[in-house]
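In what follows, a structure is listed as structure tokens, so that the remarks can point back to it.
Please read these numbers as outputs of a predicted model, since none were measured by experiment.
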Amino acid sequence: MSKLICQRTVVPAAHKSVIYQLFLRAFTPEGTLNAASELLPHLAELGIDIVYLCPICAHDPDENPDFWSDRQKASGCNNPKNPYRISDYYHVEPEYGTDDDLKRFIRRAHGLGMKVMLDLVYFHCGPTAALIDEHPDFVMRNEDGSIINGQWHFPKLNFDNPALREYLFDNMVYYVNDFNADGYRTDVGDGIPLDFWKEARRRLDKINPDLIMLNEGFSAASMVNAFDVLYGFHWASTLRNMLLSGKPVSTLSTTWLEDRERLPEGALMTRHYDNHDLASDDYGHRFERVLDKRQIDNVIIMNMTMDGVPLLYNGDEIGDGRRHSLFASPALNPGFTIDWAQALTERGQDRLALVTELIALRHGEELLTEGDMALVPTAEPEKVFAFRRFSDYEDGQIFVFVSFCKEPVKCAVEAEIDDFAAATILSRGGNLSFENGRPVLELLPYGALIVRA
């Protein structure tokens, strides 16, 4: 089978950006747009380019647990309002604020030099959604007229109905024209017909060709002419299997090669290790609580320097490890929010400095945003993940080495590196020396090294 070719140029802002996923319920104790807006300068100081807001549309308040997701019931929050169960696509959830609050949030982000991406939930809607009463044929139905619910027990939208498609096209245009949204992440994007997304992209490009489209899915075909970025669940899952389940470091290389082979040339995916779903499902066992901090630091170092688009989740930049939940509202379930006091600790300060340094490095080095990537063989592939960034148009290369071993590592590196040209960009317990002209890598436990050569 021939390899797919992207038929549209990826929006430049996509591959040059760092995305911050902001889940309002966990971001501040208030859980509102106005409270989050007060922390936007913090994100701008980090160097964040795109703020991705989890769904802001009005949540369905239906209290019948038969129409709650299994995760919603298991959370113990006893809150009917699920951000991914929409009741009104044209208004902001009152828990978060008003439509005007969203407009002010986006204006402030723009004033600080950041874009804002919204989350579209079009696979399903809430059981009491306004569109069901107004347009009964907008949801899928059985022959007896009963509504067909999807895997999360919510009504599935009927994409066989052209009128439903027009309703959603208008909804996407509405937030771009009236709120100045800069793009969309599409929830369960692969569960929606691809021709819908292609037509949506065609219409949105007429309004603003710089809008960024991020698909939560695995479809290579979606990257051909509908989306700029795929949501990197494959990469995140591999990271978690390695760190939590004892899978070897070489699985990172395997996953990277699989994705490189599967996706169109130049296709991008987010590089993240945490998100609203993963944090919610981890309960009290989030990464920051169960892993050595240096392991997480190394994941961030990798994600910030690899191909793709780095994505940070609520509080990653300060090492927050509190329990978050999709289903915990500050009013009903206080305490499920970022522990911002963590930013004042030594651990939090170190993480903050590292993230800020890496974002600045990414912004300052075209090889990290425009360049290609290749794996670098070492004598310890089960302990060290190594790669290089390079370009036919830029001089030099950038080499990245990270160890996920709790013991020191010394190994040969199979790469052409000039002893006299090599310069350390970042070292966290790492050093590159030369024996008989060949590079030798030395890393302390969980060490990391970035070298320009």
Compute the ring centroids of [X] and [Y], then answer whether they are less than 6.0 Å apart.
X	Y	answer
Phe404	Phe385	no
Tyr167	Tyr90	yes
His59	Tyr96	yes
His124	Trp152	yes
Phe154	Phe67	no

Sub-4.5 Å side-chain heavy-atom contact between [X] and [Y]:
X	Y	result
Asn79	Leu332	yes
Asp99	Val92	yes
Leu157	Ile192	no

For [X] and [Y], test the side chains for any donor-to-acceptor distance below 3.5 angstrom and give the result as yes or no.
X	Y	result
Thr128	Asp60	yes
Ser146	Asp144	yes
Glu317	His42	yes
Thr345	Gln342	yes
His15	Asp307	no

Looking at [Y], is its backbone amide N or carbonyl O close enough to the side chain of [X] to form a donor-acceptor pair, meaning the two atoms are under 3.5 Å apart?
X	Y	result
Asp187	Leu120	no
Arg141	Pro136	yes
Ser245	Lys247	no
Gln21	Asn314	no
Arg286	Arg322	yes
Glu93	Glu95	yes
Gln72	Pro80	yes
Arg362	Leu368	yes
Asn333	Ser329	yes
Tyr89	Leu131	no

Item to complete: Could you please spell out the steps behind the salt bridge (charged side-chain N to carboxylate O under 4.0 Å, His left out) verdict for Asp372 and Arg260?
Response: CA-CA 11 Å; Asp372 201 351; Arg260 172 63 65 102; 3.2 Å; yes
For [X], what residues pass the side-chain hydrogen bond (donor to acceptor under 3.5 Å, both in side chains) criterion, not counting sequence neighbours?
X	answer
Arg347	Glu288
Ser250	Glu382
Thr305	none

Worksheet item: What's the verdict on salt bridge (charged side-chain N to carboxylate O under 4.0 Å, His left out) for Asp282 and Arg323, showing C-alpha distance, side-chain angles and the deciding distance?
Response: CA-CA 8 Å; Asp282 280 344; Arg323 183 185 171 191; over 6 Å; no
Worksheet entry | More than 12 heavy atoms of other groups within 6.0 Å of Lys406 NZ |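 Counting other residues, nucleotides and ligands, NZ of Lys406 stays at 12 neighbours or fewer.
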Discussion item. Considering only residues two or more places apart or on different chains, which pairs with a residue in residues 232-270 satisfy ring pair (Phe, Tyr, Trp, His ring centres under 6.0 Å)?
Written reply: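 For residues 232-270, and leaving out neighbouring residues, the ring pair (Phe, Tyr, Trp, His ring centres under 6.0 Å) pairs sorted by first residue read Tyr231-Phe233.
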Fill in: Pairs flagged by ring pair (Phe, Tyr, Trp, His ring centres under 6.0 Å) wherever residues 288-317 is involved - sequence neighbours left out
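Non-adjacent pairs meeting ring pair (Phe, Tyr, Trp, His ring centres under 6.0 Å): Tyr313-His324.
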Worksheet entry | Criterion salt bridge (charged side-chain N to carboxylate O under 4.0 Å, His left out) on Lys198 and Asp195, from CA distance to verdict | CA-CA 5 Å; Lys198 290 179 178 179; Asp195 64 335; over 6 Å; no
Worksheet item: Are Tyr184 and Trp197 close enough, and set up right, to give a ring pair (Phe, Tyr, Trp, His ring centres under 6.0 Å), and what steps lead you there?
Response: CA-CA 11 Å; Tyr184 293 108; Trp197 294 125; 8.9 Å; no
Worksheet item: What residue pairs, at least two apart or across chains, pass side chain to side chain donor-acceptor pair (under 3.5 Å) with a residue in residues 102-123?
Response: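 For residues 102-123, and leaving out neighbouring residues, the side chain to side chain donor-acceptor pair (under 3.5 Å) pairs sorted by first residue read Glu38-Arg108, Tyr52-Asp119, Tyr84-Asp119, Asp101-Arg104, His110-Asp182, Asp119-Arg185, Tyr122-Asn171.
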Practice prompt. In sequence, state the C-alpha distance, the side-chain angles, and the governing distance for Lys16 and Asp49, and then conclude on salt bridge (charged side-chain N to carboxylate O under 4.0 Å, His left out).
Written response: CA-CA 9 Å; Lys16 293 183 178 181; Asp49 303 287; over 6 Å; no
Discussion item. I want to check a possible cation-pi pair here: Arg388 against Phe390, using under 6.0 Å from ring centre and within 45° of the ring axis as the test.
Written reply: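 Checked: cation-pi criterion met.
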